[in-house]
Participant: 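What follows is a structure written as structure tokens; I'll ask about it next.
Residue numbering restarts at 1 for every chain, and letters A, B, ... go by the order of the sequence lines.
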Number of protein chains: 2
Amino acid sequence: MRAKRPTSFDIAELAGVSQSTVSRALRHDSMVSEDTRLKVEQAARQLNYKVDVNARNLRSQRTNTLALLLYEDPGTSESLINPFFLSILGSVTRASAKRGYDLLISFQQSSADWNADYAASKRADGIIFLGYGDYTAYLDKISSLDEAGIEYITWGPVIPGQPGHFIGSDNVQGTAEAVSHLIATGHRDIAFLGDISENCPEYRDRHQGYLKALAACGLSADPVLRIDSQTSEEAGYAAAIRLLDSGHRFDAVVAACDLVAIGALHALRDRGVSVPGDVSVVGFDDIQAASYTNPPLTTVRQDTVAAGELLVENLLRLMNGRSLEQTIIPARLVLRGSTRRRE
Amino acid sequence: MRAKRPTSFDIAELAGVSQSTVSRALRHDSMVSEDTRLKVEQAARQLNYKVDVNARNLRSQRTNTLALLLYEDPGTSESLINPFFLSILGSVTRASAKRGYDLLISFQQSSADWNADYAASKRADGIIFLGYGDYTAYLDKISSLDEAGIEYITWGPVIPGQPGHFIGSDNVQGTAEAVSHLIATGHRDIAFLGDISENCPEYRDRHQGYLKALAACGLSADPVLRIDSQTSEEAGYAAAIRLLDSGHRFDAVVAACDLVAIGALHALRDRGVSVPGDVSVVGFDDIQAASYTNPPLTTVRQDTVAAGELLVENLLRLMNGRSLEQTIIPARLVLRGSTRRRE
DNA sequence: TTGTACGCGTTATCAG
DNA sequence: CTGATAACGCGTACAA
């Protein structure tokens, strides 16, 4: 037998004013005398009143809520989420809370999900896509959002002329920096592990950075040193094994992301190849585990705190009708034990 | 200039039926002829209609949403979240999506937050607390929830006679198993690193498991081998240093959680103590990084997938008015390289 | 500055 | 099985 939730009418009665006055007083912005405001607040406290957000949202046509949609690669194992995304998720949560927005989250298996049309069903005022999964599905999604006048922003590759608003790390520069460093420290046969198809534009950018750094030093990329790999430790392991089995010489491995790099690390060890003795290994992301591998992984760090802040900040800017500049977050090479100078 | 969102009236007109019929047809549960249902669905698709959840929630007085509140230790650094919690978070997200519930998340700095009264303001039908922060604040919180008739469930120590509904790992058994193993493999002077005050009942339980296992073998715990530590790598590092500086002999370290264990691992290495050569180290949680430390960390694994499933499952059970049995998830010792037999 | 009256888009109730 | 009608609780013109 629980008490009925108090409504604004209840507190209006208690405070001896009209319901509309209660509403105004509580929102703290409209014209209402200091005196009645205090009376209302007192009554509200007394009855432990909380506005019903559903009624408020229905009336005001906004929700004060952002949705964070995580699209996972189809290749990802069901149970595990790329820790890099979890890290951004944490940062986005903090950033939106700081600005007074609630955050709704959902992990979507790449296929479009009718249920989860967060904005269309007015669950959220804006959407943050963490990765966009299949590109064509993404295009569908955003065109329907555009029609509905819903704001959204996507974490991913920042490519000129892309539809939608993107924020992402400077994948080209990051990997280029890593590869330049490898070249400067005497490496010549540098392999690249990762999927560079249209499905993974970020990895494709990283590969471009790799090519660019090689070209800048007058080196050319040997295509046999480029091995496909999905985004998981197991896939990275398998890719490194394939590289080893190909029999081609290499003195460094650049992975599209840390999970792949860690898998490669294990494969090399299992095959008796010393890291960094025989081969240097570089990752991308700087997930927590990267500091703990043996040897610790040299990698390109993505700034997840900045990522969360910028995603939320810029989404709100869009929601306020303002325009967005291209935003690219610099990525920074972090040197650890998995790389060393070659003679 | 964006088109107006279609309402159920619009689709009623298009389908040539009444608005109430539309509502019924779309909800798929009430009595409505196959024939009109198809007409309605067709019209809905054509206009790209989505129900307005705010209107729906206001009318039906339920939100189909769960809230996940993460209370962080005050000691936690601002930017970093314990990866173990992120792991549960991922699992809860999946579990609630599977059951058709949206998930609202929020990280709260221990202090009570007026704004974030998720259930009271009808943002969510039920609440999952991930850790409960300060215990007295927790008691306040739940008593107000009880009054309001809102269901909630808490991840934490499962202690008989506790107010509220808890789900958690078997902390006593888990650590006891680890310590028994240490004893069976020849360890005698086993240190415990962690805060066992009222603030951390889970760590306190783990410490109980430690004492229990020692007692079962007729050993007594030397209080000088119990060192306080907050929940972070840095704190674990500092705690291990203090232990070393105390000059007391020890051949194993049991940490209250993996972060602390990893910190201890680093401290020992920095001081030239070999792990597992001189000292064995055991953690608790099995976060991803634990597999990658050097040496890999022996630890007690908490099953985060089961945790997420059980939290959601049992919360829904409560929401359906059913009762709950105590639920404790077994924790399992995972042997890795940071422990070894002593002669 | 305050009160009145109405509508936001559904779901629930009650007839037919 | 279907249609009319009344809420759900709040925000906001408009009038006082």
Side-chain angles (χ1 to χ4, degrees), chain A residues 3-41 43-44 47-65 117 119-125 148-149, chain B residues 3-41 43-44 47-65 102 117 119-123 125 148-149:
Chain A
K4 192 185 137 313
R5 257 173 59 83
T7 73
S8 52
F9 283 94
D10 297 323
I11 103 136
E13 187 173 5
L14 184 61
V17 295
S18 79
Q19 176 269 335
S20 65
T21 302
V22 170
S23 174
R24 285 192 277 255
L26 257 28
R27 260 173 315 123
H28 222 82
D29 52 48
S30 304
M31 327 128 288
V32 50
S33 75
E34 184 70 7
D35 194 43
T36 55
R37 191 171 59 73
L38 289 175
K39 265 197 315 204
V40 168
E41 282 172 351
L47 296 185
N48 193 27
Y49 168 79
K50 297 286 181 320
V51 295
D52 182 317
V53 293
N54 298 302
R56 181 215 285 284
N57 293 346
L58 174 58
R59 184 58 244 233
S60 63
Q61 299 292 55
R62 48 192 309 278
T63 64
N64 224 263
T65 299
D117 240 316
S121 52
K122 284 214 175 309
R123 262 177 276 240
D125 301 327
Chain B
K4 190 184 137 317
R5 259 172 58 83
T7 72
S8 51
F9 282 94
D10 297 324
I11 104 136
E13 187 174 4
L14 185 62
V17 295
S18 79
Q19 178 270 339
S20 65
T21 301
V22 169
S23 174
R24 282 193 280 257
L26 257 29
R27 261 171 310 130
H28 223 82
D29 50 47
S30 303
M31 325 129 288
V32 51
S33 75
E34 184 72 7
D35 194 43
T36 55
R37 192 171 58 75
L38 288 175
K39 266 196 315 204
V40 167
E41 282 172 352
L47 295 186
N48 193 26
Y49 168 79
K50 298 286 180 322
V51 299
D52 182 317
V53 293
N54 298 303
R56 182 215 285 284
N57 294 347
L58 173 59
R59 182 61 245 225
S60 64
Q61 300 291 58
R62 47 193 309 279
T63 63
N64 224 263
T65 299
D102 282 336
D117 240 318
S121 52
K122 284 210 176 311
R123 261 178 278 239
D125 300 327

Participant: So which one's nearest nucleotide on DNA chain C is more toward 5', B/N54 or B/S20?
Facilitator: B/N54
Participant: Quick check: closest heavy atoms across B/K50 and B/R5, and the distance to 0.1 Å?
Facilitator: O-NH2, 3.3 Å
Participant: To the nearest Å, how far apart are B/R56 CZ and D/dA7 C1'?
Facilitator: 17 Å
Participant: Going 5' to 3' along DNA chain C, which are the first and last nucleotides with any atom under 4.0 Å from a heavy atom of chain A?
Facilitator: C/dT1 to C/dG9
Participant: Find which nucleotide of DNA chain D each of B/L58 and B/T21 is nearest to by heavy atoms, and output the residue with the more 5' nucleotide.
Facilitator: B/T21
Participant: Determine whether more than 12 heavy atoms belonging to other residues, nucleotides or ligands lie under 6.0 Å from atom CD of A/Q19.
Facilitator: yes
Participant: Return the value, rounded to whole Å, for the distance between atom CZ of A/R5 and atom C1' of D/dG9.
Facilitator: 9 Å
Participant: Any base atoms under 4.0 Å from A/V17, or only sugar-phosphate, or nothing? Heavy atoms, all strands.
Facilitator: sugar-phosphate
Participant: Should we count CD of B/E13 as having more than 12 external heavy atoms under 6.0 Å?
Facilitator: no
Participant: Could you go step by step and tell me if A/K122 and A/R62 meet the side-chain contact (heavy atoms from CB on, under 4.5 Å) rule?
Facilitator: CA-CA 7 Å; A/K122 284 214 175 309; A/R62 48 192 309 278; over 6 Å; no
Participant: Does D/dG3 have OP1 or OP2 under 4.0 Å away from a side-chain N or O of B/S18?
Facilitator: yes
Participant: Would you check if there is a donor-acceptor pair between the side chains of A/S23 and A/S20 at a distance under 3.5 Å?
Facilitator: no
Participant: Look only at the side chain of A/T65 and the backbone of A/T63, and say whether a donor-acceptor pair between them is shorter than 3.5 Å.
Facilitator: yes
Participant: Would you say B/N64 and B/D102 make side-chain contact, with heavy atoms under 4.5 Å?
Facilitator: no
Participant: Looking for any heavy atom pair under 4.0 Å, which part of the strands does B/Q61 touch: base, sugar-phosphate only, or nothing?
Facilitator: sugar-phosphate
Participant: Whole angstroms only, please: what is the CE-P distance between A/M31 and D/dC14?
Facilitator: 14 Å
Participant: Distance criterion of 3.5 Å, no angle test: do you see the side chain of A/R62 paired donor-to-acceptor with the base of D/dG11?
Facilitator: no
Participant: Expressed in angstrom and rounded to an integer, what is the separation of A/R59 atom CZ from D/dA13 atom P?
Facilitator: 8 Å
Participant: Taking for each residue the nucleotide of DNA chain C bearing the nearest heavy atom, is the 5' side occupied by A/A55 or by B/S23?
Facilitator: A/A55
Participant: How long is the line joining CG of A/L26 and P of D/dT12, in whole Å?
Facilitator: 14 Å
Participant: Atom CD of A/E13 to atom C1' of D/dC10: distance rounded to whole Å?
Facilitator: 17 Å
Participant: In whole Å, I'd like the distance from the CG atom of A/N64 to the C1' atom of D/dC10.
Facilitator: 15 Å
Participant: Tell me: CZ of B/F9 to C1' of D/dG3, nearest whole Å?
Facilitator: 12 Å
